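No experiment lies behind these values; they were computed from the predicted model shown.
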Amino acid sequence: QVQLVESGGGLVQAGGSLRLSCAASGRTIRSYAVGWFRQTPGKEREVVAAINWNGKSIWYADSVKGRFTISRDNAKNTVYLQMNSLKPEDTAVYHCAADSLHTRLYRDPGLWGQGTQVTVSS
C-alpha cells in the first residue's frame, strides 16, 4: 500500500516562500503523475500544479503560475512544490495526490496525502 506524506507547511508572511514535500512510502511512485491540490473551507478543491512521471509535462493553475514550481526526484520517491511570493489567498491545506493515469489525476486521483497547512499572513 502506497502512502503519501506531505511536509513543509507552516506560517509565513506575504511575499515569503515555503517548500512542500510529498514523500511516498510502501512503493515507488516513479511511474505516477503527481499533483498538488489545495482546499479552503467553503471553496472547491483546486489543483494548483501537476507533473507527469518523468517531469517533462508540467501544468500550473493560472493563480500560481510564475510563483510556484513543481518538481520530482524519483530516486527519493518525492515530489516538491516550491512556493514563492506567497499571498494571503494562498492560505489553504495543501494535499498531494498521485495516479498511474495522468488524465485521472485531475478528476479522481487514487492516492491522497493527509495534507499540510499553509498560512500566509498579510
Side-chain angles (χ1 to χ4, degrees):
Q1 185 75 14
V2 179
Q3 285 189 322
L4 303 178
V5 179
E6 301 95 335
S7 62
L11 174 64
V12 65
Q13 286 190 331
S17 298
L18 285 173
R19 188 195 196 201
L20 305 184
S21 298
C22 172
S25 62
R27 208 174 87 184
T28 179
I29 58 168
R30 65 178 62 201
S31 64
Y32 283 59
V34 179
W36 285 96
F37 296 72
R38 64 188 181 187
Q39 179 87 61
T40 56
K43 288 188 178 180
E44 282 193 15
R45 186 178 66 204
E46 175 188 19
V47 54
V48 298
I51 187 167
N52 77 327
W53 70 277
N54 63 3
K56 293 188 177 181
S57 177
I58 290 176
W59 177 92
Y60 296 102
D62 287 342
S63 57
V64 306
K65 206 171 287 184
R67 301 187 297 121
F68 290 12
T69 302
I70 189 171
S71 62
R72 67 190 301 160
D73 185 339
N74 283 341
K76 294 183 178 180
N77 224 17
T78 301
V79 174
Y80 305 96
L81 185 68
Q82 177 67 44
M83 304 187 296
N84 298 329
S85 302
L86 283 161
K87 304 175 181 179
E89 52 263 43
D90 294 318
T91 296
V93 176
Y94 284 72
H95 298 265
C96 66
D99 203 283
S100 57
L101 291 179
H102 197 163
T103 52
R104 194 164 59 198
L105 177 68
Y106 300 92
R107 301 191 314 269
D108 187 24
L111 299 172
W112 283 97
Q114 84 289 350
T116 185
Q117 176 71 47
V118 171
T119 303
V120 185
S121 63
S122 57

Original post:
CD of Gln3: more than 12 outside heavy atoms within 6.0 angstrom?
Top reply: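 Open: at most 12 neighbouring heavy atoms sit under 6.0 Å from CD of Gln3.
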Original post:
Do other residues, nucleotides or ligands put more than 12 heavy atoms under 6.0 Å from Trp53 CH2?
Top reply: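 It does not: Trp53 CH2 has 12 such atoms or fewer within range.
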Original post:
Counting only N and O atoms by type, is there a donor-acceptor contact under 3.5 Å from the side chain of Thr91 to the main-chain atoms of Val120?
Top reply: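 Pair found, side chain donor or acceptor close to backbone of Val120.
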Subject >> Side chain Asn52, main chain Gly55, donor-acceptor under 3.5 Å >> reply: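 Yes.
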Following the transitive rule for hydrophobic clusters with a side-chain heavy-atom cut-off under 4.5 Å over Ile, Leu, Val, Met, Phe, Trp and Tyr, establish whether [X] and [Y] coincide in one cluster.
| X | Y | answer |
| --- | --- | --- |
| Leu101 | Tyr106 | no |
| Val48 | Val118 | yes |
| Ile29 | Val5 | no |

Original post:
Got a sec, which pairs hit salt bridge (charged side-chain N to carboxylate O under 4.0 Å, His left out) with one end in residues 66-80, sequence neighbours left out?
Top reply: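 Of all non-adjacent pairs touching residues 66-80, those that pass salt bridge (charged side-chain N to carboxylate O under 4.0 Å, His left out) are Arg67-Asp90.
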[atom1]-[atom2] distance between [X] and [Y], expressed to the nearest 0.5 angstrom:
| X | Y | atom1 | atom2 | value |
| --- | --- | --- | --- | --- |
| His95 | Thr116 | NE2 | OG1 | 9.5 Å |
| Ile51 | Cys96 | CD1 | SG | 12.5 Å |
| Asn54 | Asn74 | CG | CG | 8.5 Å |

Original post:
Hey, does Val64 have a side-chain heavy atom less than 4.5 Å from the side chain of Arg38?
Top reply: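 Yes - at least one pair of side-chain heavy atoms lies under 4.5 Å apart.
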**OP:** Flag the pair Arg27 / Asn77 as yes when at least one side-chain heavy-atom distance between them is below 4.5 Å, and no otherwise.
**Re:**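 A side-chain contact is absent here, since even the closest heavy-atom pair is not under 4.5 Å.
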Closest heavy-atom contact between [X] and [Y]?
| X | Y | answer |
| --- | --- | --- |
| Ala92 | Gln39 | CB-O, 3.5 Å |
| Leu4 | Gln114 | O-OE1, 3.6 Å |
| Ser71 | Val79 | O-CG1, 3.2 Å |
| Val34 | Ile70 | O-CD1, 3.9 Å |
| Ala50 | Leu105 | CB-CD2, 3.8 Å |
| Tyr60 | Thr69 | OH-CA, 3.3 Å |

Output side-chain donor-acceptor pairs under 3.5 Å for residues 7-26, partner residues at least two apart or in another chain, one line each.
{"unit_1": "Ser17", "atom_1": "OG", "unit_2": "Asn84", "atom_2": "OD1", "d": "2.9"}

Original post:
Can you list every ring-ring contact (aromatic ring centres under 6.0 Å, His included) pair that touches residues 5-47, not counting sequence neighbours?
Top reply: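 Qualifying pairs, neighbours excluded: Phe37-Trp112.
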Original post:
Just by distance, with hydrogens left out, do Ser63 and Glu89 show a side-chain donor and acceptor under 3.5 Å apart?
Top reply: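 Judged by distance alone, the side chains do not pair up.
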